Structures are given as structure tokens and as C-alpha cells.
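A quick write-up on the structure given underneath.
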Amino acid sequence: MSSPVMRSSLSRSLDRSLATLLATGALLAAVEVALLPLDGPAGPLLVGFPVVFVIYLAAGLLAWYRRPSNRMGGLIVFAGFAVYAAGLANTEIPVLVATGTVTSTLALATTVHLLHAFPSGRLRGRASIATVAVAYVTSLVFEAPSYLFDPAQSPEAGLAIADRPDLAAAGGLVQQILGVSVMIATATLLVRRLATADRAHRGALMRLYGYGAFAVIALVLIPNVLGRALGIPGLLTGIMQLALLAGIPIAFALAVLRGGFARTGELEELGSWLGATGGAKPTLATALANALGDQTLQLSFWVPMRRAFVDEHGVPLPATAPVRGRGTVEINLDGRLVGAITYDSELIGDADLVRTAGRVVAIAVDRERLTAELRASRIALQRSRERLVDAADLERRRIAQDLHDGLQVQLVLLGIEAQQLPNAPGSADVLAERATRLRMGIDAAAADLRRLVHEVMPAALIEQGLAAAVEDLVDRMPIPTALELGQDGPCPRVVERTAYFVVAEALANTVKHARADNASVRLNKADGVLRVEVRDDGLGGASLSGGTGLRGLVERVDVLGGTINITGSPGQGTNITVELPCV
């Protein structure tokens with residue numbers, strides 16, 4: 001069972017305001033109906049204006065209530081009042097008739113405004129602002145010649161100042177030209193937005209834009225084409241126009257609430273969320289998505305140690321390039337970056353609204369960030385342990401392979417020769433020569449065994465420490481290798497062993513792959529950190545993914561909480577730097 005929806009005092013105040021607006025609108029609609037001459041044959045048509053107004057009002061207030069942070073609801077309500085004003089021309093009160101005459105085509109401009117402002121309710125870009133401005137000028141200013149210079153058009157309004165049919169015709173022509181220009185500009189902008197929209201939004205936008213554009217064009221063509229050209233009665237064409245008008249607010253309200261968005265509150269609802277308790281409390285990301293009305297919203301948490309964002313499960317999020325239609329704002333607490341909100345910038349046109357939401361929940365984000373960081377550390381630790389087990393298994397297999405293929409074969413052959421020696425024919429000199437070869441073979445096998453043991457754990461490292469062991473490595477290098485020791489006291493044995501194997505692997509790669517002429521090793525301990533640096537002037541191009549040796553070093557360093565960095569482009573040599581905590 002879902003938890004009850006929490007409503008703050010400000011949200012309840014908004015509820016009361018919207019209820020008052022609904023009641024006022026219903027009262028105005030009733031007044032308009034009372035003022036209409038409904039006893040004539042045009043009665044059903046005349047009453048359609050207040051009915052359509054109520055539809056606009058209900059759809060706009062619903063969108064406003066469900067999406068307080070979105071301006072589309074208020075814009076739909078404004079468009080409804082434009083329809084209401086136009087309907088006043090059907091009354092018999094001169095001042096109201098004049099009002100309706102002046103605003104008779106305002107509904108067309110508000111529909112254009114709705115098309116350009118969807119989905120956030122804000123006009124985006126200079127082209128949209130200019131187009132909508134021209135639409136309002138066309139419907140209000142260039143409608144004026146028709147009633148100012150043609151007394152026969154609306155004698156009840158009493159607005160005519162001269163009988164100049166030529167000026168009325170000229171004004172009508174300019175109005176038509178501007179109206180067509182507005183439609184072309186609107187169609188161009190809408191097609192461009194459809195082309196750049198993602199697949200999830202394109203279908204809804206196409207249906208809405210298609211209906212809105214069709215309604216605007218049809219509202220103009222119905223009386224001219226169906227009425228005058230085809231002779232369809234004016235009552236029927238008027239009903240068709242009102243039906244088209246009634247569909248506009250419904251289409252926009254459904255589009256604003258597409259996807260079955262749950263009822264949302266303004267940002268103060270997040271405060272109620274913060275104070276809620278119990279198992280039914282939604283997650284922080286869900287609360288943000290509900291409050292902002294964007295179910296695609298994503299909340300990420302900043303992990304300073306990794307210098308990366310993670311999700312609520314602690315899984316690192318890949319760095320992505322900016323995506324059209326998606327916006328990101330950072331969440332800061334006391335000057336610290338704690339998270340980020342990624343949202344649909346087409347739906348939420350005001351980034352400050354999202355930024356404010358982030359400030360409201362910053363403390364909760366920081367709390368969940370710590371949890372996500374702990375999960376990320378646990379995941380990293382688990383993966384590090386798995387890699388260490390793999391590395392240990394790989395090392396054991398390598399030692400077993402060396403023993404099986406190298407030392408074991410030598411010892412078997414030496415044993416066979418030792419068995420044959422007492423029964424071998426020949427002189428004492430021949431026996432002495434074979435005994436000498438046998439001794440040399442045993443010495444070689446012993447040397448191989450010592451080498452293998454040294455690779456597993458060098459005696460110099462155990463007996464004399466890191467500096468002496470590294471010095472022994474440098475002395476045995478076939479190329480000139482400089483050594484700089486800056487240690488200040490010993491480190492824990494596990495740290496020294498790791499540092500030794502870093503130097504050993506780096507120098508082995510220098511000899512095997514780098515084709516270097518010179519190398520250098522530097523050890524330095526300062527401020528509780530042991531820094532190991534190995535350079536060469538070889539081919540370069542080494543990377544952490546280049547071989548199992550380097551990957552094994554990464555695991556050793558990582559488990560101690562250290563860092564490893566490899567730099568050097570092809571032809572510029574290689575520099576391996578490792579920092580290990582030495583406390």
C-alpha cells in the first residue's frame with residue numbers, strides 16, 4: 001500500500017488558490033451563459049464558448065495542480081480566458097461585445113504560444129519569442145482594422161471610427177500574410193524540435209504538435225472553405241471550430257502529464273519527505289523525481305577518493321559528454337561537492353528550480369553519498385580480493401610450471417646419469433670427466449633453484465631491507481642504472497615487499513621490452529608515504545593493461561591503499577610512479 005501523499009502548508013495554500021480560481025471560472029461561465037441570447041437557433045453554438053472555457057480551465061488547473069513547477073498549466077488557463085473573452089461578443093451588453101470583438105482571434109495566438117512553450121511553459125530561443133510576439137500582434141493589432149473601419153461587422157460594439165472598407169481589407173490582407181508567416185515559422189521550429197528529440201519523446205511531441213498545428217489552420221480554414229466555398233451552414237462550422245478548440249487544452253494537459261506522473265508538490269514537499277519516517281518512505285531520487293515531475297531524473301553521488309560519481313548502489317558512473325535535452329546541476333554542501341542531478345531540460349526549463357531542489361536535500365544527499373561511498377569501497381575491496389586471489393593462483397601456476405619444465409627435468413636427467421656412472425665402461429679419466437659434468441649439472445640446478453627462490457622472496461630483502469635489495473637489483477642490470485635512495489627509516493615489511501616487486505617488475509620490463517640505454521630508480525619516504533619511481537629512456541608506450549606483471553603490481557598497490565601511475569608516450573621512455581602509505 002502506498003504511503004499517503006504529504007502536503008506542506010505552501011502546497012495546501014496553492015490548492016486553495018487553484019480551487020478559488022476554479023470556482024471563480026465556473027461562476028464567470030455561468031454569468032456568460034446567463035447573458036447569452038439562447039432562445040434563438042444559434043443557442044447551442046453560443047453556449048459552446050463558456051463550455052470550452054470550462055474545459056480549458058479544468059485542464060489547465062489539473063496540469064497546474066499536478067505540476068506546480070511547470071508553467072504549462074497557467075498558460076492553458078490563460079488560453080481559456082482568451083476563449084471566454086471571445087465568447088463575450090455573443091452577449092447583448094455593448095462593453096462586453098466590444099471586449100469579445102477585440103479578442104476574437106486571440107485564441108489562435110495563445111495556441112501558437114502553447115505550441116512553442118511546450119513542455120516547460122517557457123519560450124526557448126529568440127525565434128520562438130519573436131514568432132509568438134508576432135502572433136499576438138497579428139491577433140490583436142491587425143484585427144483592429146476589421147472593426148474600426150467596417151461599421152457593419154459588429155455594430156453592437158460601437159468601435160467603428162470610419163467607414164473605410166479599403167483600410168479594413170488592407171488590414172485583413174496584412175493579417176493573413178502575418179498569420180501565414182507565423183504558421184510557417186512555427187512549423188519550421190516544431191519540425192526542428194521533432195528532429196532533435198529523443199525516441200522516448202518524439203512520439204508524444206509528434207501527436208501534440210500535429211494536432212495543435214492542424215487545429216490552428218483548421219480554425220481559420222473552416223469558415224472560409226467549408227462555410228463560404230462549400231456552403232455549409234455557419235452553425236455547423238461554428239460547432240466544428242469549438243470542438244477543435246475544446247481538444248487543444250485536453251491534448252496539452254495530457255502531454256504535460258504524459259507517462260502517468262503521480263501528483264507532485266513544489267519543492268517544499270521535499271521538506272516533508274525529509275521529516276518522514278517508516279518503511280514506506282520513498283528513496284531520495286524518487287522524491288526528487290516526484291517533486292520536479294521528471295521520472296527520468298537521475299541522482300548521483302560524488303566519491304572524493306575515486307574522483308568519480310557513483311549511483312545509489314555504489315557503482316561508478318561513466319563520464320559522458322553533454323546530451324541535448326539533458327541538463328545537470330551539482331549539489332554542494334558547505335562548499336563541498338556531494339552529488340549531482342541529471343534531468344530532462346526540455347521538460348524542466350528552469351535550472352534554478354533543480355538547483356534549489358538540490359539545496360533543499362543537500363544534507364540527505366550527503367548522508368546517502370556516504371552510504372554509496374561505503375558500498376563503492378566494499379565493491380572495490382571485493383573485486384580487489386578476487387583479483388589478488390587470481391594473481392596468487394597465477395603466480396603459483398608459474399612457479400609450478402618452472403619447477404616442472406625446468407628444474408625437475410634437470411634433476412631427472414642428472415639422476416639417470418648418476419645411476420649409469422658406476423657401470424660406465426672406460427678409463428678413470430672418462431669417469432672423472434663424466435663426474436665433473438654431473439657436478440656442474442648439479443651446480444646449475446642448484447643455481448636455478450636459488451634463482452627461483454630469490455624471485456619468490458629475495459634473501460637480501462628479508463635480511464637487509466628494501467634499500468639493499470633494490471641496490472642488488474640495480475647492480476645486476478645489464479644497462480647503466482642510477483639509484484637514488486632518500487628513505488627516512490623503514491616501512492612495514494608488506495610495504496617494502498610491494499615496493500621491491502614494483503622495482504623488479506619495472507626493471508624487468510625495461511630489459512625485456514623497452515630497448516632502453518639508461519634507467520634510474522628513486523626511493524623516497526616523506527610524510528608517511530613511500531614514493532617509488534622507475535624511469536627509462538626506451539621505446540615507451542607501456543600501460544597498466546599491457547601484461548600480467550603490471551596488472552599484478554596494480555593489485556598489490558591497490559590492496560595497500562596506494563596509487564600507481566604510468567606515463568610516457570611511444571619513443572619518449574616510460575615513467576612508473578608508485579606511492580604507498582608507510583605508517
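Just so you know, these numbers come straight off a predicted model, no measurement behind them.
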Are the side chains of [Y] and [X] in contact, using a 4.5 Å heavy-atom criterion?
X: Asn90; Y: Leu45; result: no
X: Thr91; Y: Leu36; result: yes
X: Phe149; Y: Ile161; result: yes
X: Phe81; Y: Leu28; result: yes
X: Phe309; Y: Leu337; result: yes
X: Leu21; Y: Trp64; result: yes
X: Thr20; Y: Thr24; result: yes
X: Arg326; Y: Thr296; result: yes

[X] side-chain N/O to [Y] backbone N/O, donor-acceptor pair under 3.5 Å:
X: Ser128; Y: Gly125; answer: no
X: Thr105; Y: Ser139; answer: yes
X: Arg164; Y: Ala169; answer: no

So how far is it from [X] [atom1] to [Y] [atom2], rounded to the nearest 0.5 Å?
X: Leu22; Y: Ser17; atom1: CG; atom2: OG; result: 12.5 Å
X: Ile239; Y: Leu244; atom1: CD1; atom2: CG; result: 12.5 Å
X: Trp302; Y: Asn332; atom1: CH2; atom2: CG; result: 11.5 Å
X: Thr131; Y: Leu115; atom1: OG1; atom2: CG; result: 11.5 Å
X: Leu159; Y: Thr99; atom1: CG; atom2: OG1; result: 8.5 Å
X: Leu46; Y: Leu242; atom1: CG; atom2: CG; result: 9.5 Å

*For Tyr84, check ring-ring contact (aromatic ring centres under 6.0 Å, His included) against everything at least two apart and list the hits.*
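Listed in chain order: Phe53.
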*asked:* Restricting to ring-ring contact (aromatic ring centres under 6.0 Å, His included), what partner residues turn up for Tyr136, sequence neighbours left out?
replied: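 ring-ring contact (aromatic ring centres under 6.0 Å, His included) check on Tyr136 returns His113.
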For residues [X] and [Y], report the shortest heavy-atom separation together with the two atoms involved.
X: Leu189; Y: His116; result: CD1-CE1, 3.3 Å
X: Glu32; Y: Pro50; result: OE1-CB, 4.0 Å
X: Met183; Y: Ile217; result: SD-CG1, 4.3 Å
X: Tyr56; Y: Val83; result: CE1-CG2, 3.8 Å
X: Ala340; Y: Thr328; result: CB-CG2, 4.1 Å
X: Ala255; Y: Leu208; result: CB-CD2, 3.8 Å

Side chain to side chain contact (heavy atoms under 4.5 Å, CB included) partners of [X], counting only residues at least two apart:
X: Val141; answer: Val137
X: Ala152; answer: Asp150
X: Pro94; answer: none

*Determine, step by step, whether Leu108 and Thr138 satisfy the side chain to side chain contact (heavy atoms under 4.5 Å, CB included) criterion, reporting the C-alpha distance in whole Å, the side-chain angles of both residues, the deciding distance to 0.1 Å, and the verdict.*
CA-CA 10 Å; Leu108 296 175; Thr138 302; over 6 Å; no
*Walk me through it: do Val102 and Tyr147 pass the test side chain to side chain contact (heavy atoms under 4.5 Å, CB included)?*
CA-CA 8 Å; Val102 171; Tyr147 54 78; 3.7 Å; yes
*Step-by-step side chain to side chain contact (heavy atoms under 4.5 Å, CB included) determination, Leu245 to Ile248*: CA-CA 5 Å; Leu245 275 176; Ile248 291 174; 4.2 Å; yes
*asked:* Show me the pairs that pass salt bridge (Lys or Arg N to Asp or Glu O under 4.0 Å) and involve residues 94-123, at least two apart or across chains.
replied: Arg122-Asp350
